Amino acid sequence: MAGNFLPLLLPLLLVFSQTFPAAGENPTFLKSVKLNPMKLRTEKLSHFRFYWHDIISGPNPSVVNIIQPPANNKTSATGFGMVNMIDDPLTEKPEAGSRLLGRAQGFYGLASQEEVGLLMAMNFVFSTGKYNGSTLTILGRNPVFEKVREMPVIGGSGLFRFARGYVQASTHSFDLKTGDAVVEYNVHVLHY
């Protein structure tokens, strides 16, 4: 039995010895960095509140449907399988003409067969003030009929590098005829 096993074991040992460097070797793809290479300041907690406008109707919608579920879909009541791409305005107040703070760019898909539940993946791209050009990335579940929905902030760029935190979304208004929605976002984020 051992005689049959040795011809199989030898090639595996050769492959593993070439794949993983011996202890003490310094691989070229990995480099240690100084504890504070970017001169990171003390971490702070910031709170932002703004309004997300999901505009489906009219001549200039901010939502485009990119995947429609099959017509014979048994979960059509929840819209399961539909995916929309967004470039939604973020404003200071709920009114459409309010000051533009940035845009929410990404997509959401109806990901639940049991309820209207979205999988949201979007970047808040800020265009005003000191955060101009900085982004926050949100990825999470949004059960739209709950009063307050919480999703994680998983990162950011610019002044939000290494950001982490959460957002709380609550519907401000929803038009049943057009499908247009205004959602208040409260963002709590730790960043440098």
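All values reported here derive from a predicted model rather than from experimental measurement.
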Is it true that the side chains of Ser112 and Thr78 contain a donor and an acceptor less than 3.5 Å apart?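 Distance-only check fails for Ser112 and Thr78.
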
Among side-chain atoms of Asn142 and Arg149, is any donor-acceptor pair under 3.5 angstrom? yes

Report yes or no: do [X] and [Y] belong to one cluster of Ile/Leu/Val/Met/Phe/Trp/Tyr joined by side chain heavy-atom distances under 4.5 Å?
X	Y	value
Val83	Val116	no
Val153	Met120	yes
Met82	Phe145	yes
Trp52	Phe48	yes
Val167	Leu119	no

Stepwise side-chain hydrogen bond (donor to acceptor under 3.5 Å, both in side chains) check, Gln105 with Asn123: CA-CA 5 Å; Gln105 297 173 333; Asn123 291 310; over 6 Å; no

Atom pair [atom1] ([X]) and [atom2] ([Y]), whose distance is rounded to the nearest 0.5 Å:
X	Y	atom1	atom2	result
Asn84	Leu118	CG	CG	9.0 Å
Thr91	Arg103	OG1	CZ	10.5 Å
Ser173	His53	OG	NE2	8.0 Å
Met122	Thr135	CE	OG1	12.5 Å
Asp88	Leu90	CG	CG	7.5 Å

Angle between ring planes, Phe124 versus Phe50, binned at 30° and 60°: parallel, tilted or perpendicular? perpendicular

Parallel, tilted or perpendicular: which one describes the rings of Tyr131 and His191, with boundaries at 30° and 60°?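 Correct class here is perpendicular.
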
N-O pairing of Arg161 and Glu43 below 4.0 Å: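 Looking at Glu43 together with Arg161, the answer is no, because their closest N to O distance does not fall below 4.0 Å.
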
Does a side-chain N-to-carboxylate-O contact under 4.0 Å join Glu184 and Lys93? no

Is the Phe126-Phe160 ring centre distance short of 6.0 angstrom? yes

Does the gap between the ring centers of His172 and Tyr51 come in under 6.0 Å? yes

Which atom pair, heavy atoms only, marks the closest approach of Gly79 to Leu110? O-CB, 3.3 Å

Using side chain to side chain contact (heavy atoms under 4.5 Å, CB included), reason through Ile86 and Asp54 one step at a time and then give a plain yes or no. CA-CA 8 Å; Ile86 63 170; Asp54 202 41; 3.7 Å; yes

Glu92 and Arg49: side chain to side chain contact (heavy atoms under 4.5 Å, CB included), yes or no, with the steps? CA-CA 8 Å; Glu92 188 173 34; Arg49 186 183 76 186; over 6 Å; no

Please say whether more than 12 non-hydrogen atoms of neighbouring residues, nucleotides or ligands are located less than 6.0 Å from CZ in Phe107. no

Backbone N or O of [Y] within a donor-acceptor pair of the [X] side chain at under 3.5 Å?
X	Y	value
Asn132	Ser134	no
Thr178	Ser57	no
Asp180	Ile56	yes

Do Met85 and Val63 come within less than 4.5 Å of each other through their side chains, counting heavy atoms only?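 Not touching, per the 4.5 Å side-chain cut-off.
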
Within the structure provided, determine whether Val187 and Leu136 are in side-chain contact (heavy-atom separation under 4.5 Å). yes

Go through the steps to decide whether Glu150 and Val148 satisfy the test side chain to side chain contact (heavy atoms under 4.5 Å, CB included), and finish with yes or no. CA-CA 7 Å; Glu150 187 171 296; Val148 178; 5.8 Å; no

Pair Ser62, Asp87 - check side-chain hydrogen bond (donor to acceptor under 3.5 Å, both in side chains), show working. CA-CA 5 Å; Ser62 64; Asp87 186 12; over 6 Å; no

Check step by step if side chain to side chain contact (heavy atoms under 4.5 Å, CB included) holds for Val189 and Leu45. CA-CA 6 Å; Val189 64; Leu45 177 63; 5.8 Å; no

